[in-house]
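To start, the structure under review is shown below, and the notes come after it.
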Amino acid sequence: MFSSYMENISLKVANGNSIRFWKDLWVGNTSLESLFPTLFNIICDKEEMPSEVLARKAVLLQWNFKFRRNMFDWEKETLTELYTLLDESGVANSDGNGQDRLIWQGCDSGKFTGKDFRIGVITDVEQAMCKLCSSDLESLDHTFIHACMLGTPGQTPYRGGVGNG
């Protein structure tokens, strides 16, 4: 289920201080490390943040990467592809203020709820079955009000202290 959760989140860059530029999924569904392995191999700081490589000077924005060595011509073409992707991502349109955010793609509001997760992600009925009794779909009502708490379907749920049933 964790992988289903991870597939439905994205990162939104604001100030760029808490997202790892190369390793996190903030431009599309693939890390820049995976999309541009050649550049990643020659970059000096593999843990840098967007705020560390994006220079904001008045209205001019510039990406400043530090590589371990001079680039070959074919690597420069790859760098141009990276610049194009970054321009299309819209991150340069951010004003650089505010906190970076985690966005839930399972609903329009962008805010995570358990209900949206169940509706939008869990499509396999086996995944949605109650883990305690396996007799019904998992829900708060089923888990805490119905008999699955006792492990015996159809019985009244446990109430009271030890020895009281």
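The structure presented is a predicted model; accordingly, all values stated were derived computationally and were not measured. Positions are given from 1 along the sequence.
Side-chain contact between Glu75 and Ile42: present, with at least one pair of heavy atoms (C-beta onward) separated by less than 4.5 Å. Between Leu54 and Gln62 there is no side-chain heavy-atom pair separated by less than 4.5 Å.
Annotation for Lys66: atom NZ does not count as buried by contact number, only 12 or fewer foreign heavy atoms lying within 6.0 Å.
No hydrogens or angles considered: a donor-acceptor pair under 3.5 Å links the side chains of Ser51 and Asn17.
Here the CG-CD1 distance, from Leu25 to Ile19, works out to 10.5 Å after rounding to the nearest 0.5 Å. Within the model, atoms CD of Glu52 and CG of Asn64 stand 12.0 Å from one another, a figure rounded to the nearest 0.5 Å. Between atom CD1 of residue Ile43 and atom CG of residue Leu32 there is a gap of 10.5 Å, rounded to the nearest 0.5 Å.
Within the structure, salt bridge (Lys or Arg N to Asp or Glu O under 4.0 Å) contacts touching residues 23-37 (residues at least two apart or in different chains) are Arg20-Asp24, Lys23-Glu47.
Residues Met71 and Leu39 share a closest heavy-atom pair of CE-CD2, 3.4 Å. Residues Leu85 and Leu35 approach most closely at CD2-CD1, 3.9 Å, considering heavy atoms.
Listed for the Asp100 side chain is a donor-acceptor partner under 3.5 Å among the backbone atoms of Ser18. Looking only at distances, no side-chain donor or acceptor of Arg101 sits under 3.5 Å from a matching main-chain atom of Ala14. Under a 3.5 Å cut-off, the side chain of Thr84 and the backbone N or O of Thr80 do form a donor-acceptor pair. Formation of a donor-acceptor pair under 3.5 Å by the Trp26 side chain with backbone atoms of Phe21 is found in this model.
Phe36 and Trp22 have their aromatic ring centers separated by at least 6.0 angstrom. Checked against the 6.0 Å centroid criterion, the rings of Phe67 and Phe40 do not qualify as a close aromatic pair.
Cluster membership for Leu82 and Met49, using ILVMFWY side-chain heavy atoms within less than 4.5 angstrom, is not shared. In the hydrophobic clustering of ILVMFWY residues, with side-chain heavy atoms under 4.5 Å counting as a link, Tyr83 and Val27 come out together.
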